[in-house]
2 protein chains.
Amino acid sequence: MGASKTDLFTEQQNELASMAKALAHPARIAILQYLVKTNACVCGDLVEELGLAQATTSQHLKELKNAGIIQGTIEGASVCYCINPAVWKQYKQLFNSFFGEVSLGNKCC
Amino acid sequence: MGASKTDLFTEQQNELASMAKALAHPARIAILQYLVKTNACVCGDLVEELGLAQATTSQHLKELKNAGIIQGTIEGASVCYCINPAVWKQYKQLFNSFFGEVSLGNKCC
DNA sequence: CTCCCATATCGCAATATTACGATGATAGTG
DNA sequence: CACTATCATCGTAATATTGCGATATGGGAG
């Protein structure tokens, strides 16, 4: 085995988990922070910024694109990446409601 | 290779990524939601609750314990798990500040 | 058209994750 | 003591992720 048994869980649980998976790598965190920091399109600096090989960087970008949290638009010879604000907000809200569900009344053993 | 190159990134990026990794599985989301919902110790119901084998469930619990977000205390023959409120709050804050860093001024291409 | 530049994709190797049965360890019961 | 219930750990198999070199693809420059 080794594959997640996604059919055992609710949509919502699978969605939250796959959102978390998109963030579950420091390179992808770094990409997102860089995009947020510059608050604009970034065309080719990411490879140098990260210190990973071009192929590896491209793969991480692809995963972030699959998750929908970034978008890339072709700008002549290169590609410009930026945050997708709608999805970003959705992430923020879902994580927030997940963490904020309860007051955590310390009723622990 | 296949190992993350954690030395390329900042502490903060690695920490956020490993926090996200702890959440990056629907079973672990389900465990946390269940613990939050019952807002108390849970002793043995998790195996039936999840539908996974006992060994698998125990492994997920171990990962959550390693992440610090839950704690287990031995209660006679069984073990009681509950949310660690301090770490939970820390997670909430870190994710919140990550997502809230910027106004996202739609300056996209 | 030919030559570069920037990205994407393919193929591979190394490692990590997920899942489970079998087996330990420990606390309580009779 | 033997017996059971509960949970952890080991060993193993299947699959996923990470990383990179090599190779495609597609748009400018000359």
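A note on names: the letters A, B, ... follow the listed sequences, proteins ahead of strands, and every chain is numbered from 1.
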So, for Tyr81(B) and Leu35(B), which heavy atoms are closest and what is the spacing to 0.1 Å? O-CD2, 3.5 Å

Other residues, nucleotides, ligands: >12 heavy atoms within 6.0 Å of Leu8(A) CG: yes

Given atom CG of Leu46(B) and atom P of dT6(D), what is their separation to the nearest angstrom? 13 Å

Just to be sure I understand the geometry, which residues of residues 48-60 of chain B put a non-hydrogen atom under 4.0 Å away from DNA chain C? Leu52(B), Ala53(B), Ala55(B), Thr56(B), Gln59(B), His60(B)

Can you run down the salt bridge (charged side-chain N to carboxylate O under 4.0 Å, His left out) pairs that involve residues 46-56 of chain A, sequence neighbours left out, and say none if there aren't any? none

Whole-Å gap separating P (dA19(C)) and CD1 (Ile31(B)): 10 Å

Does the side chain of Tyr81(A) get closer than 4.0 angstrom to OP1 or OP2 of dA8(C) through an N or O atom? yes

Bracket string, DNA chain D, 5' to 3' - pairs by Watson-Crick or G-U geometry under 3.5 Å, | interstrand: |||||||||||||||||||||||||||.||

What is the distance, to the nearest angstrom, from the CG atom on Asp45(A) to the P atom on dC5(C)? 16 Å

At under 4.0 Å, does any side-chain N or O of Lys21(B) touch on OP1 or OP2 of dT17(D)? no

Within residues 61-70 of chain A or reaching into it, pairs that qualify as side-chain hydrogen bond (donor to acceptor under 3.5 Å, both in side chains) - sequence neighbours excluded: Arg28(A)-Glu63(A)

For a quick test of reading the model, state the closest non-hydrogen atom pair linking Ile83(B) to Leu32(B) and the distance between them. CD1-CD2, 3.9 Å

Length of the NZ-C1' vector between Lys5(A) and dA14(D), whole Å: 12 Å

Smallest heavy-atom separation, Gly100(B) atom then Lys92(A) atom, equals CA-NZ, 3.5 Å

OP1 or OP2 of dC7(D) less than 4.0 angstrom from a side-chain nitrogen or oxygen of Lys62(B), does that happen here? no

Flag the pair Phe95(A) / Leu23(A) as yes when at least one side-chain heavy-atom distance between them is below 4.5 Å, and no otherwise. yes

Kindly assign one of parallel, tilted or perpendicular to the pair Trp88(A) and Phe99(B), based on the angle between their ring planes and the thresholds 30° and 60°. perpendicular

How far apart are the closest heavy atoms of Ala24(A) and Ala24(B), and which atoms are they? CB-CB, 4.4 Å

note: Glu63(A), atom CD; dG19(D), atom P; distance rounded to Å ~ 10 Å

Let's see if you can work this out: which of dT7(C), dA8(C), dA8(D) has an atom nearest to the side-chain heavy atoms of Ser78(A)? dT7(C)

Does some side-chain heavy atom of Leu52(B) sit less than 4.5 Å from a side-chain heavy atom of His60(B)? yes

In whole angstrom, what separates His25(B)'s NE2 from dT18(C)'s P? 5 Å

Of all heavy-atom pairs linking Leu50(B) and Ala30(B), the shortest is CD2-CB, 3.7 Å

For nucleotides 24-30 of chain D, 5' to 3', base contacts (B), sugar-phosphate-only contacts (S) and non-contacts (-) with protein non-hydrogen atoms under 4.0 Å give ---SS--

With Phe9(B) via ring pair (Phe, Tyr, Trp, His ring centres under 6.0 Å) - residues at least two apart: none

Between dT7(C) atom P and Ile70(A) atom CD1, what is the distance in whole Å? 12 Å

Which residue lies toward the 5' end of DNA chain D, Val47(B) or Thr6(B), if each is placed at its nearest nucleotide? Val47(B)

